[in-house]
Every structure is written in structure tokens, then in C-alpha cells.
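Everything on this sheet refers to the single structure shown next.
Quantities reported herein were computed from a predicted structural model and do not represent experimental measurements. Computation of the quantities below employed the complete heavy-atom set of this structure, encompassing side-chain atoms and omitting hydrogens, waters and symmetry-equivalent molecules. Residue numbers begin at 1 in each chain, while the letters A, B, ... track the order of the sequences.
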Number of protein chains: 2
Amino acid sequence: MPMSDSGNIDILIDISTAILRAHNGELQFRALEDADESAKRLPFGPFMPDRHRTMEIGLRQWVREQVGVDLAHVEQLYTFADQGRYRGDESDARHVVSVGYLALARAEDAGGGAWDSLYLHFPWEDWRDGRPDVLDATILPALDKWLVENDEAAARVRLAFGRAGAQWDEEFVLERYELLYEAGLIEEAARDGRVKAPPQKSLGAPMQLDHRRILATALGRLRSKLKYRPVLFDLMPDRFTLRALQQTTELVIGTSLHKQNFRRLVEKSGFVEATGETSRARGRPAELFRFRHGNRADRPLAGLRVSGGRKTGRSP
Amino acid sequence: MPMSDSGNIDILIDISTAILRAHNGELQFRALEDADESAKRLPFGPFMPDRHRTMEIGLRQWVREQVGVDLAHVEQLYTFADQGRYRGDESDARHVVSVGYLALARAEDAGGGAWDSLYLHFPWEDWRDGRPDVLDATILPALDKWLVENDEAAARVRLAFGRAGAQWDEEFVLERYELLYEAGLIEEAARDGRVKAPPQKSLGAPMQLDHRRILATALGRLRSKLKYRPVLFDLMPDRFTLRALQQTTELVIGTSLHKQNFRRLVEKSGFVEATGETSRARGRPAELFRFRHGNRADRPLAGLRVSGGRKTGRSP
DNA sequence: TTTATTTATACTCATTTTGAGCATAATTGT
DNA sequence: ACAATTATGCTCAAAATGAGTATAAATAAA
């Protein structure tokens with residue numbers, strides 16, 4: 001039996017939290033600025049086992065201290081531990097392992113402070129107004145150039161970026177980010193010394209440490225999860241119109257949906273009940289709905305099976 | 001900006017791997033026995049940042065050393081860090097964080113060594129022959145008793161165990177295990193000093209450390225993943241009959257499926273192509289299929305959308 | 001005050017998918 | 001030859017889905 005003994009290596013675990021909300025037609029996350037850094041960061045801090053009985057307790061503390069919010073539900077995303085992807089070349093004397101968490105917030109209980117648009121950091125992920133130009137204008141050509149020397153990655157690129165007949169899968173956010181990093185197309189890659197020259201053109205705003213990687217994980221997870229669990233409602237206010245719910249959905253998955261069918265989907269799902277009130281805005285007033293909590297026992301805990309339209313028939 | 005400095009706490013990270021395979025009508029995992037311990041364990045070892053550039057490299061090394069297998073694809077499951085759930089009351093001088101990984105193996109390239117039946121450790125998860133007796137005979141009554149003092153957990157129990165009209169969701173493997181642990185119904189809870197008396201009746205075979213928790217995570221993840229990614233084929237041999245594929249599927253999700261519809265589902269999915277060969281066994285010979293790799297670009301990377309039968313219509 | 005614009009909501013309709021079976025085919029064991 | 005067993009093909013009704021058309025109820029503009 002192996003004794004758990006790694007010698008005298010000092011390991012440091014950092015816990016970072018992506019706090020997301022939907023606000024003003026934007027998917028936003030809680031961002032912090034540091035005086036000595038142009039890139040922003042997430043709230044984060046070290047896991048201190050003597051003070052934090054669990055990592056969740058630790059992350060809650062850091063978030064409370066740094067952005068003054070008491071988080072409700074949080075979800076662990078991933079633990080990153082690859083050397084050299086944290087703080088670049090700088091002292092890795094203490095090896096840093098990074099654990100990412102996801103938290104959802106409602107637009108109301110935002111608290112002051114800075115919220116950043118998520119798609120500002122991932123412009124290629126927002127397809128609400130159609131395929132983003134940056135893909136064909138910048139990303140794909142650059143990846144192609146990179147693939148010449150790295151043809152073993154061709155299959156990954158094809159899958160992640162939906163090329164050569166493959167479909168764009170909106171859940172592959174992290175894989176796309178990783179490929180851009182490996183190909184040296186984003187600033188973090190240059191910062192980490194992975195590529196000599198900085199990228200010709202900045203692809204999305206960079207962030208400190210591995211925080212953009214964590215955001216990519218968060219977005220991918222959220223996009224995936226909303227299809228099988230009712231997480232969307234954690235982003236919604238107490239009462240909301242179906243249109244608002246749809247807009248939040250579209251924000252998250254990054255594509256637009258058919259209005260009437262979305263309504264049918266939601267109403268049938270049983271997740272929602274009318275309040276009788278209506279909201280007044282531009283056009284005809286809309287009914288206000290509220291989330292119907294788990295009191296109705298017969299409903300499976302499914303999500304909204306949104307879909308991007310009928311698939312083109314497969315070839316014979 | 002918070003400096004990443006946790007004082008001088010010594011953190012130890014253990015990496016454990018659940019290696020699963022389908023064999024002999026059983027879902028099995030690679031288990032190791034130690035002389036001084038009756039409970040079995042997974043292959044595991046400490047993460048040593050100076051020797052392992054990534055955690056994956058580390059885990060591969062431990063697996064190679066301990067069970068003599070070179071793993072193909074692995075997937076990170078979860079990072080557990082709660083105090084007192086590892087090695088019980090014993091020295092937590094070095095705080096242990098535990099990272100679980102999942103790997104899939106084919107029955108052939110098994111290598112020697114011990115494989116254990118997964119459902120031996122989770123008897124309540126195998127519904128292939130209908131609802132397991134242990135649920136109504138032991139688990140639910142015991143949970144009910146526990147709920148008297150812990151009524152805040154009632155909603156969790158209802159959801160996880162599909163009570164009061166809620167449906168059994170086969171993916172909630174971890175949550176069920178956690179509840180059994182919290183309720184003190186399994187041996188690990190007694191071992192960790194969470195409950196004075198050991199459980200009246202042993203619910204599934206216990207394991208060392210948090211390895212059963214990791215197995216629960218692995219099973220839940222696999223059950224979930226097979227619905228949206230073609231992972232099942234990583235458990236299958238090179239060529240296989242549709243029946244074999246179905247049996248593996250049933251093994252994983254723990255329920256039985258309608259044969260003809262399963263065939264229709266698989267054939268339509270495009271994941272599989274006939275080889276022309278047939279297998280001879282008891283009845284009529286079955287066509288042998290092989291997995292069709294990602295060369296067909298037009299196919300989404302979906303999984304097999306198996307389902308447990310039509311839902312009973314919801315009440316009005 | 002009409003009219004255009006905007007948004008919400010209701011319905012329709014053709015397809016496709018799904019759950020459930022029945023029917024038939026091709027083997028082996030007796 | 002016949003029973004048992006497994007594979008495979010096919011049908012059928014119900015439900016879900018994608019894509020509209022039509023109508024309703026507001027505000028903004030003319």
C-alpha cells in the first residue's frame with residue numbers, strides 16, 4: 001500500500017470563483033481589477049485547510065472578503081494542475097493547483113462592484129446574431145497555420161470548431177479555449193512563455209492567472225447543465241416574463257431560439273407558473289411567471305431541452 | 001490583490017482512479033487489496049508536482065506501478081477536500097485533498113489482477129431486475145428514522161431516492177451515497193467517527209479512504225455522459241453484437257431497455273457499422289458491428305439517448 | 001385619433017421521434 | 001421434427017419538434 005508521502009513539496013491550492021449573472025442583455029461575471037495588473041481577475045484565494053473545513057467554505061470566505069457577497073449555491077468545476085499555466089514563468093517554487101468554482105447570481109442581488117461581459121473575453125462564443133466574424137476572419141486561418149506544424153491536433157480542431165461538416169457544439173467552450181491557447185493565439189499563451197511573439201491580434205480580453213480558463217469551464221458547464229437541470233432559474237429574478245427567460249437562455253447558450261416553441265417548451269416543462277400579473281413594456285403586456293419550486297413531486301428534474309433547429313439530414 | 005500564501009500548512013493531494021470495464025455481465029472496477037486492510041481500494045498515490053508535470057501524468061504513473069496498465073483516456077471527476085472524510089480520525093497533520101479520476105477499459109486488455117463488481121458496493125443502484133429490495137427493506141426505513149432528527153434533509157432524500165412521486169434519477173449516484181454516509185448508514189461513516197454505532201446492516205461493501213465516494217462519482221458521471229457522448233464504445237471490444245452493446249448499456253445505467261428500440265436507436269445514431277461477420281452463440285447468429293470513428297464528419301458527437309420508458313402523464 | 005410598430009400569445013401542420021408490440025428468421029439443443 | 005432461443009424487421013399510435021400563420025394588446029408616431 002502506497003504511503004501518502006510526496007516528500008517535502010509545498011503545494012498551494014488556489015480557489016477561484018466564476019460568479020455569473022444575466023444583466024442588460026449581457027452574460028456577466030464578477031471581475032476584480034488590481035492596480036498593478038491590466039488584466040482582470042476572478043475573486044480567489046488560497047485554500048487553507050486549517051481554517052477552511054471544506055473548499056467551499058474557503059471560497060465563500062474569499063468571495064465575501066473580495067466582493068462582499070454571500071453566495072448561495074456553488075458548484076465545483078475543475079481542478080487544474082498543469083505546470084506553467086499559472087503565473088507564467090514566475091516563481092513556481094510553491095506549486096499551484098487551481099480549483100475553479102461556478103456560482104450563479106440574480107441581477108438584483110448584484111451588490112456594487114464590477115461586472116464584466118463574459119463574451120468580451122470569448123467573442124467567438126456568441127452566435128446570437130449568427131456566426132461571429134472573428135471565426136472565419138481570424139481564428140480559423142490562424143489555427144490552420146498552426147495545424148501545418150501540428151497536424152495531430154487537426155481532429156480536435158475539427159470537432160471543437162465544427163469544421164469540415166462537423167457541427168458547432170456550443171458546449172465545447174473549454175476545448176476551444178485550450179486550442180487557442182495551445183496554438184499561441186491568445187495573450188495568456190504569450191504571457192506563459194508558450195509562444196515567443198504575442199498574438200498578432202488579440203482574441204478576447206485576457207485575464208490574470210488561469211482565470212479565463214476557469215471562465216471557459218464555467219460557460220461550458222452552464223451550457224451543458226441547463227439542458228438537464230433547471231439552473232436557468234437561478235439567474236432569473238423572482239418573477240419574469242417568458243421573453244426574459246428566453247433571453248437569458250439565449251445569452252447562456254449563445255444562440256437564438258424560436259419564440260413560440262420556447263414558450264411551449266417552458267409551459268410544458270412545469271417549471272413555471274403564471275402569477276396573474278403582467279409586465280408593461282413596449283408591446284403587448286406579458287404575463288409574469290414565477291419558478292415553481294420542487295413542490296410538484298411528479299416532475300423530473302430535467303432542464304430545458306433547447307435545441308438549435310432541426311439537424312440537416314445525414315448523408316446516406 | 002490577495003497574495004497566494006496559506007502560511008505553512010502542508011497539503012497533500014492524493015490521486016485515485018476508478019478504472020471501469022464491462023465483463024461477464026458485471027460492471028467492474030480495478031480493485032487492490034492490502035494486507036493490513038479488509039476493505040479494498042483503488043489505485044492511487046500522491047500528486048508530486050516536481051515529478052508530475054500534470055496530475056494526469058501522476059495518476060498514470062501510479063496506475064502503471066500498481067496495476068500494470070497504461071491507461072488510454074482518463075477524465076477528472078471531482079476534487080474532495082472535506083476534513084475528516086479521509087483516513088477517519090487518524091492523523092490529518094497533512095491535510096489530504098483527494099482528486100478522483102475515471103478511466104474506461106475494454107474487457108480484453110484487462111491485464112491480470114483483481115476486478116471487483118461495482119454493484120457489490122452499490123446494491124441499490126442496480127435496477128436491471130426491478131427495484132432492488134434493499135431500498136424498501138433497509139435504506140428507506142433507516143433514512144426515515146434519520147430524517148426525524150434531520151428534517152432539513154428531507155427534500156434531498158426525496159429527490160435522490162425518488163420518493164413521494166419524484167422519479168428515480170439514475171444519475172444521482174453520488175448524492176445517494178452522500179446521504180447514506182451522512183445518515184451514518186454505511187461503514188465508512190462509522191470508520192470516520194461520524195456515527196458511534198456501526199450500521200445495523202452493511203449497505204454494500206465498504207472501501208478504503210474515500211474510494212467508494214469516488215466510485216459513486218464515477219458511476220454517476222458515466223451514467224450521465226453516455227447520454228450525450230459516445231463513451232459506451234470505450235467499454236466495448238473491437239467488434240460486438242448489438243445485444244452486447246445493449247447489455248453494456250444496461251450495466252452502466254442499471255436498468256433494462258427495449259431490445260428492438262435500442263437497435264433502432266443505435267443504427268440510426270450512425271455510431272456503428274456492420275462488419276458483415278456474424279457471431280454464433282445460442283440462438284440466431286447476430287451481426288457483428290464495429291464503432292465507426294469520427295471520420296463521418298456530419299454526425300454530432302451525441303450519445304445514446306436511452307430512456308427508461310414513457311413518463312406517466314403529469315397531473316393537470 | 002388613427003395607424004404603424006412592437007411584443008405576446010394562440011394555433012396549425014407536417015415531420016420526426018419514441019414507446020410498445022407483433023411477426024418472422026435463423027440458429028442450437030433435444 | 002420441434003422446442004427454445006436469440007436476432008431482426010415492421011407496424012402503429014402517441015408525443016415531441018421545427019416552422020410557420022394568425023390574432024391580441026399594448027405603445028409610439030402620424
Could you tell me how far apart [X] ([atom1]) and [N] ([atom2]) are, to the nearest whole angstrom?
{"X": "B/Leu242", "N": "D/dA7", "atom1": "CG", "atom2": "P", "answer": "9 Å"}
{"X": "A/Lys259", "N": "D/dG18", "atom1": "NZ", "atom2": "C1'", "answer": "17 Å"}
{"X": "A/Leu265", "N": "C/dT9", "atom1": "CG", "atom2": "P", "answer": "16 Å"}
{"X": "A/Phe262", "N": "D/dT17", "atom1": "CZ", "atom2": "C1'", "answer": "15 Å"}
{"X": "A/Glu267", "N": "D/dA16", "atom1": "CD", "atom2": "P", "answer": "15 Å"}
{"X": "B/Gln247", "N": "D/dA7", "atom1": "CD", "atom2": "P", "answer": "8 Å"}
{"X": "A/Glu287", "N": "C/dA10", "atom1": "CD", "atom2": "C1'", "answer": "14 Å"}

Set of ring-ring contact (aromatic ring centres under 6.0 Å, His included) partners for [X], sequence neighbours left out:
{"X": "B/Phe289", "answer": "none"}
{"X": "A/Phe161", "answer": "none"}
{"X": "B/Tyr177", "answer": "none"}

Partner of B/Glu171 under salt bridge (charged side-chain N to carboxylate O under 4.0 Å, His left out), picked from B/Lys227, B/Arg223, B/Lys225, is B/Lys227
Donor-acceptor pair present, B/Arg264 side chain and D/dG9 base, under 3.5 Å: no
side-chain hydrogen bond (donor to acceptor under 3.5 Å, both in side chains) against A/Asp144, all qualifying residues, sequence neighbours excluded: A/Arg163
Show me the donor-acceptor pairs within less than 3.5 Å that the side chains of residues 238-246 of chain A make with the rest of the protein, sequence neighbours left out.
unit_1	atom_1	unit_2	atom_2	d
A/Arg239	NH1	A/Glu277	OE2	2.1
A/Thr241	OG1	A/Ala244	N	3.0
A/Gln246	NE2	A/Glu250	OE2	3.1
A/Gln246	NE2	A/Leu257	O	3.0

Expected string for nucleotides 20-30 of chain D under the B/S/- scheme (protein heavy atoms, under 4.0 Å, primed atoms plus P, OP1, OP2 as sugar-phosphate) is BB--BBSS---
